[in-house]
Each structure stands twice: as C-alpha cells, then as structure tokens.
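Notes for the one structure printed next.
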2 protein chains.
Amino acid sequence: MTQSSDTTSYRDIKETVLARIRSGEWQPDSLLPNEQELAVEFSCTRTTVNRALRELADEGYLERRRKAGTRVLSAPQRQARFTIPMVRDEVEAMGGTYRYALVSSGVEPAPDWLRARLALTSDQSVMHVRCMHFNGNTPFQYEDRWIVIDSVPQVADADFAAIGPNEWLIQTVPFTNVELSFLASRADKTVAGFLDLPVGEPVFTGERITWLEGQPVTFAKMYFAAGYRMTTQF
Amino acid sequence: MTQSSDTTSYRDIKETVLARIRSGEWQPDSLLPNEQELAVEFSCTRTTVNRALRELADEGYLERRRKAGTRVLSAPQRQARFTIPMVRDEVEAMGGTYRYALVSSGVEPAPDWLRARLALTSDQSVMHVRCMHFNGNTPFQYEDRWIVIDSVPQVADADFAAIGPNEWLIQTVPFTNVELSFLASRADKTVAGFLDLPVGEPVFTGERITWLEGQPVTFAKMYFAAGYRMTTQF
DNA sequence: ATTTCCAATTTGTGTAGACTTTAATTTTTT
DNA sequence: AAAAAATTAAAGTCTACACAAATTGGAAAT
C-alpha cells in the first residue's frame with residue numbers, strides 16, 4: 001500500500017499522543033498501548049508509530065524500554081536546547097555590527113590551575129589569547145582563552161590579530177567533546193576595564209573546555225557585558 | 001533480505017560520516033553524495049542512510065534540503081542540551097538532602113511589570129509564592145513565583161506549605177511553551193538575606209515563563225546560591 | 001526461600017519498494 | 001531580458017515485513 005492524503009503521519013501521532021498526555025487521558029507513569037495496538041488504532045504501520053514514539057522519547061516526554069513498554073514520564077524532562085552561537089552571529093542576530101579586537105597573545109607555560117583542569121603535564125605550554133568582541137563600539141564579550149599547543153601545533157602560525165581564536169579553532173581543529181558551564185562572577189579590575197563597568201559588578205560568565213578524542217584542546221572564559229541574558233524558548 | 005551481523009547500521013554510517021567530516025575528507029559547505037549513492041557505498045538501503053543523515057542534521061552537523069542535497073555545516077551549530085532539572089533532583093543528584101520551605105504566599109493584583117511581561121489585563125490577579133530550597137541546611141535556591149489565577153484556578157486550593165509551587169504546577173497543569181533565561185544579577189537585601197550572602201554579591205539567576213496554548217501560566221525567578229554553575233557536556 | 005534458567009513480549013533496526021513534497025534548474029513564453 | 005511554466009533531482013515519509021536485542025516474569029532447580 002502507499003501513503004495518501006488520508007494516512008496518519010508520524011506527526012499526527014505525535015500530536016495526538018501529546019494531547020492525550022496533556023489532557024490527562026494518559027496519566028504520568030502509566031503505560032501506553034504497545035506499538036502494534038497503536039498502529040491498529042491509527043491505521044498505519046508499526047514503523048510509523050515507532051518513529052512518533054521514538055521522537056517523543058527523545059524530546060523527553062516518554063520513556064521506552066524493550067519488553068517493558070512505553071510510559072509517560074511523570075516530570076517531563078524537557079531539555080532546553082541552547083544553541084551555542086558564535087559571538088559574531090549573536091551580535092549580528094541582534095542587528096549589531098560585530099567587531100573583534102585582539103588584546104594579547106603569546107606562549108606561556110600552563111599555569112597550575114589550568115594544568116589541573118585539563119590534565120596537562122608540567123612541561124606543556126599553552127597559547128594564551130585575550131580578546132574583545134564588540135557590538136559596534138559597545139563591549140559585548142571579553143574572552144580569555146588558552147590553547148594547548150601539543151594538541152594544536154598549527155596555533156603557532158595563527159594570526160589572532162586577524163581572526164578570533166574561536167573562529168580560528170572551529171575552522172582548524174575538530175572537537176569531539178565539550179564541557180560548557182555558566183555562572184555569575186564578579187568583575188575584577190581587568191574584566192571591569194574591558195567591559196566598561198564598575199569593579200565588583202555581576203558578570204554573566206561562560207566557561208568552555210574542548211577535547212579532541214580525549215586530548216584537551218582549549219579552555220575559554222567568556223565574560224559578557226552588563227545586562228546579558230542567555231535565552232531559549234521551547 | 002534481512003539484517004545480520006555484517007550489515008551496516010545507521011550508527012555505523014553516522015560514525016563514518018562524522019569521521020569523514022572531522023578528517024577533512026568532507027569539507028565544510030561541501031555537498032555529500034546523495035542518499036542513493038551512499039546506500040550503494042554502505043551496501044544498505046536508502047532508508048538506513050536517511051536515518052543516519054537525518055539524525056546528524058538534528059544534531060547540528062549537516063544541513064539538508066530537498067533537491068539541493070546534504071551539506072556539511074561550516075560552523076557546526078552544536079546544540080547544548082541543558083536538561084532543566086527540578087530543584088529536588090538537582091540537590092539529590094549532588095548527594096544532598098533536599099528541603100523545601102514556604103516563605104509566603106497570597107493573592108495579589110498583578111504588578112505592572114508582570115502584566116506587561118505576561119500580557120495580562122489590568123484586572124487579573126496572581127498568586128504570589130516565595131519559597132526556599134535547601135541542600136540540608138544550606139540555602140540552595142530562592143524562588144519568587146507568580147501564578148496566573150485565571151489560567152490555573154485550582155491554585156486557590158493548593159497548599160504551598162506542603163509542596164513547592166514548581167512541583168505542584170508540574171503535576172497539575174501541562175504546558176506547551178516555555179521561555180527560559182539565565183543572567184547574572186546582583187543580590188538585593190531580600191535575596192542576600194535568604195541566600196546568606198552579602199548584599200551586592202553576584203547571583204546566578206534564572207527566569208522562566210510558561211504558557212499553555214497561548215495562556216500565560218506562571219513566571220518564576222530563581223536565585224541560586226553563591227558558587228552555583230550550570231554545566232553540560234556534549 | 002533463593003538462585004538460575006528459559007520463554008515471551010516489546011521495542012529496535014534493517015530490507016525493499018513506492019509515492020510525496022520541496023525547490024533548484026531549465027525551458028518556454030511574454 | 002524578464003517572468004512564468006515545466007522538468008527533475010533530492011530528501012521526506014509511508015507500507016509491509018522480518019529478524020534482533022533487551023528485559024521481565026515465571027518455571028525449574030537448588
């Protein structure tokens with residue numbers, strides 16, 4: 001047989017299932033009918049039901065286990081997906097003009113706290129790059145970054161006056177793992193100076209560690225200008 | 001035909017494709033072979049290739065367009081998925097003991113800023129609930145929440161001394177849309193008092209607005225204790 | 001009573017093939 | 001040349017079916 005305008009699509013099934021959960025017809029923790037039964041109800045194949053339920057499980061509404069069946073999650077673990085944009089895109093999406101400026105860059109032995117953080121040996125050195133991202137002439141983000149030279153030897157030839165370290169890294173080395181944190185920190189004299197705010201002011205701060213197949217690649221601290229908020233809708 | 005231990009699974013295809021992207025064999029912005037060609041290469045059906053590529057596109061590695069084909073995204077828009085846990089789970093996951101305490105609750109006319117924020121009419125009133133979440137005896141989060149009574153009339157009967165407003169809402173009303181923001185704020189006298197820190201201290205702060213089919217349900221501000229970081233790995 | 005083993009059930013994934021939808025491209029018309 | 005229409009290539013989705021894998025729950029053995 002073939003699909004036609006009256007077949008039930010996996011989208012319809014997703015909608016219906018969600019509606020039933022929301023209406024309370026299918027209570028939290030309760031078991032759904034199995035795929036075969038739903039296929040009969042929706043007059044479609046099990047394949048189609050499978051896709052619908054699989055996606056709903058991915059989205060955090062359902063929990064599925066072989067033999068045990070599919071159940072409604074009591075506290076829907078809806079996952080907020082924050083797309084981590086490049087600073088340039090973020091500024092331009094706000095309708096601003098992105099501008100980048102290098103503050104300093106140079107090779108140094110990895111400081112102790114960084115060695116500990118990235119599991120480096122005592123003789124490894126790092127490229128330390130500090131830079132600013134502007135929206136027009138307004139400071140947008142101050143970035144303090146360390147790049148592990150052993151993991152990215154090409155970094156010796158990079159010209160961070162011309163291109164930001166993040167953009168350079170993205171087009172130069174792939175990565176396999178990322179750890180990303182956000183916190184509220186207090187502006188020290190350096191950060192306050194670059195972001196043009198009083199010392200001690202709260203600063204929304206991100207930390208990012210990137211690995212390639214177990215090798216640490218880079219550690220970055222990103223300090224956002226006053227009033228920054230990270231927002232998502234879902 | 002049927003699958004056997006030597007068939008190529010969609011997982012294998014995902015791995016291979018990723019490896020080719022990472023190795024530079026498939027450059028950013030370049031076009032992949034079409035599904036049919038890849039199906040031949042991997043000796044599997046187009047269905048299987050389709051699933052692999054579809055998932056990679058979902059994960060932000062590829063961009064797919066009918067007729068135009070599949071191309072490698074130049075700046076992989078890897079989406080960080082922050083699972084937004086319930087406070088209780090977050091505390092317990094740290095190995096702590098969760099404790100909840102109501103600070104105050106009562107019905108009031110919606111303040112102007114909230115009316116604007118949630119598009120309420122001037123005569124709508126809200127349930128204002130303030131409460132604390134502890135890890136043992138250590139303050140973990142101070143929550144300041146408003147619930148739109150017209151959207152959730154049952155709130156009149158809720159006993160927020162016994163159950164936190166978030167947990168109550170989750171088991172009482174479904175939601176369809178959420179806006180979630182994070183920012184760094186400065187502790188005012190109230191927040192500082194509840195979180196046991198000096199006035200003016202940076203505070204990691206979350207704001208959450210929830211709707212049900214276009215109807216605003218609740219607005220919550222969550223102030224996290226000193227040192228809090230929101231972390232994800234991917 | 002406890003542990004071990006086996007069978008049954010349910011989801012997971014693959015094959016093969018067809019029709020559908022989107023949109024880039026080419027051709028035709030104006 | 002520009003605009004409109006037709007073509008066509010690619011992904012999107014569905015059917016129908018089969019075997020695979022996990023895990024639960026009961027039966028058997030200790």
Side-chain angles (χ1 to χ4, degrees), chain A residues 1-18 20-21 26-73 76-77, chain B residues 1-18 20-21 26-73 76-77:
Chain A
M1 193 168 291
T2 174
Q3 88 200 81
S4 63
S5 54
D6 64 324
T7 44
T8 310
S9 84
Y10 78 96
R11 282 167 210 278
D12 300 331
I13 297 176
K14 283 178 74 172
E15 287 241 341
T16 305
V17 169
L18 260 186
R20 286 184 188 174
I21 292 173
W26 286 344
Q27 288 289 318
D29 277 327
S30 69
L31 220 52
L32 267 62
N34 70 35
E35 294 185 345
Q36 189 52 60
E37 290 166 332
L38 289 173
V40 171
E41 185 197 329
F42 291 113
S43 1
C44 65
T45 55
R46 190 169 77 84
T47 314
T48 302
V49 173
N50 180 275
R51 177 160 180 192
L53 298 188
R54 178 158 41 79
E55 292 195 359
L56 286 173
D58 277 348
E59 291 162 26
Y61 293 101
L62 301 175
E63 199 216 346
R64 320 191 73 204
R65 282 199 343 271
R66 281 164 162 156
K67 163 79 183 184
T70 301
R71 53 180 71 242
V72 180
L73 278 181
Q77 290 283 339
Chain B
M1 195 170 290
T2 175
Q3 87 200 84
S4 61
S5 53
D6 64 323
T7 44
T8 310
S9 84
Y10 79 97
R11 279 167 213 277
D12 300 332
I13 298 177
K14 284 179 72 173
E15 287 241 340
T16 306
V17 170
L18 261 185
R20 286 183 189 174
I21 293 173
W26 286 345
Q27 288 288 317
D29 277 327
S30 69
L31 220 51
L32 267 61
N34 70 34
E35 293 185 346
Q36 190 52 62
E37 291 166 330
L38 288 173
V40 172
E41 184 196 329
F42 291 113
S43 4
C44 64
T45 56
R46 191 170 75 84
T47 314
T48 302
V49 173
N50 180 275
R51 177 160 181 191
L53 298 188
R54 179 158 41 81
E55 291 195 358
L56 286 173
D58 277 348
E59 290 161 26
Y61 294 100
L62 301 174
E63 201 218 344
R64 319 191 74 204
R65 282 202 339 275
R66 282 164 160 155
K67 164 79 183 182
T70 302
R71 54 180 70 244
V72 179
L73 278 180
Q77 292 281 340

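Numbers restart at 1 for each chain; the letters A, B, ... are given by sequence-line order, proteins then strands.
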N/O donor-acceptor pair under 3.5 Å between B:Arg64 side chain and B:Thr70 backbone: no
Taking all heavy atoms of B:Gly69 and all of B:Leu31, pick out the closest pair and write down the distance. C-CD1, 4.4 Å
Whole-Å distance between D:dT24 P and A:Arg64 CZ? 15 Å
Residue whose nearest DNA chain C nucleotide is more 5′ - B:Ala68 or B:Arg51: B:Arg51
Any base atoms under 4.0 Å from B:Thr70, or only sugar-phosphate, or nothing? Heavy atoms, all strands. sugar-phosphate
Which residues pass the salt bridge (Lys or Arg N to Asp or Glu O under 4.0 Å) test with B:Arg11, not counting sequence neighbours? none
Give the rounded distance in Å between these two atoms: CD of B:Glu63 and P of C:dA24. 10 Å
Taking CD from B:Gln36 and P from C:dC19, how many angstroms apart are they, rounded to a whole number? 16 Å
Could a donor-acceptor pair under 3.5 angstrom be found where the side chain of B:Arg46 meets the base of D:dG12? yes
Salt bridge (Lys or Arg N to Asp or Glu O under 4.0 Å) partners for B:Glu15, two or more places apart: none
Would you tell me if any nitrogen or oxygen in the side chain of A:Thr45 comes within less than 4.0 Å of OP1 or OP2 on D:dC17? no
According to salt bridge (Lys or Arg N to Asp or Glu O under 4.0 Å), who are the partners of B:Glu63, at least two apart in sequence or on a separate chain? B:Arg65
Hey, what are the protein-to-nucleotides 4-9 of chain D N/O distances that come in under 3.5 Å?
unit_1	atom_1	unit_2	atom_2	d
D:dA9	O4'	B:Lys67	NZ	3.2

Among C:dT13, D:dT15, D:dT13, which nucleotide sits nearest the side chain of A:Tyr10? D:dT13
If you fit an axis to the five pairs at each end of the helix from C:dA1-D:dT30 to C:dT30-D:dA1, how big is the angle between those two axes, to 10 degrees? 10°
Between atom CG in B:Leu38 and atom C1' in D:dG12, what is the gap in whole Å? 16 Å
Check the distance between D:dT13's C1' and A:Asp12's CG and give it to me in whole angstrom. 12 Å
Qualifying residues under salt bridge (Lys or Arg N to Asp or Glu O under 4.0 Å), relative to B:Arg66, sequence neighbours excluded: none
Show every donor-acceptor pair shorter than 3.5 Å between a side-chain atom in residues 46-53 of chain A and any protein atom, with sequence neighbours excluded, or say none if there are none.
unit_1	atom_1	unit_2	atom_2	d
A:Arg46	NH1	A:Glu35	OE1	2.4
A:Thr48	OG1	A:Thr45	OG1	3.4
A:Asn50	OD1	A:Arg54	NE	3.4
A:Asn50	ND2	A:Glu35	OE2	2.9
A:Arg51	NE	A:Glu55	OE2	3.1
A:Arg51	NH2	A:Tyr10	OH	3.3
A:Arg51	NH2	A:Glu55	OE2	3.4

Whole angstrom value for the distance that separates P of D:dA10 from CG of B:Leu31: 9 Å
Is any side-chain nitrogen or oxygen of B:Thr47 closer than 4.0 Å to OP1 or OP2 of C:dG17? no
Once side-chain contact (heavy atoms from CB on, under 4.5 Å) is applied, do any residues pair with A:Leu18, and if so which ones, sequence neighbours excluded? A:Arg22, A:Leu56, A:Tyr61
What pair of heavy atoms forms the shortest contact from B:Leu32 to B:Val17, and how long is it? CD2-CG1, 4.4 Å
Just compare C:dT13, D:dA11, C:dT15 and give me whichever is closest to any side-chain atom of B:Asn50. D:dA11
Roughly how many Å is it from NZ in A:Lys14 to P in D:dT13, rounded to a whole number? 10 Å
Partner set under side-chain contact (heavy atoms from CB on, under 4.5 Å) for B:Pro33, not counting sequence neighbours: B:Trp26, B:Glu37, B:Leu38
Using a cut-off of strictly less than 4.0 Å, decide whether B:Ser9 has a side-chain nitrogen or oxygen near OP1 or OP2 of C:dG14. yes
Could you state the atom-to-atom distance from CZ of A:Arg71 to C1' of C:dT10 in whole Å? 13 Å
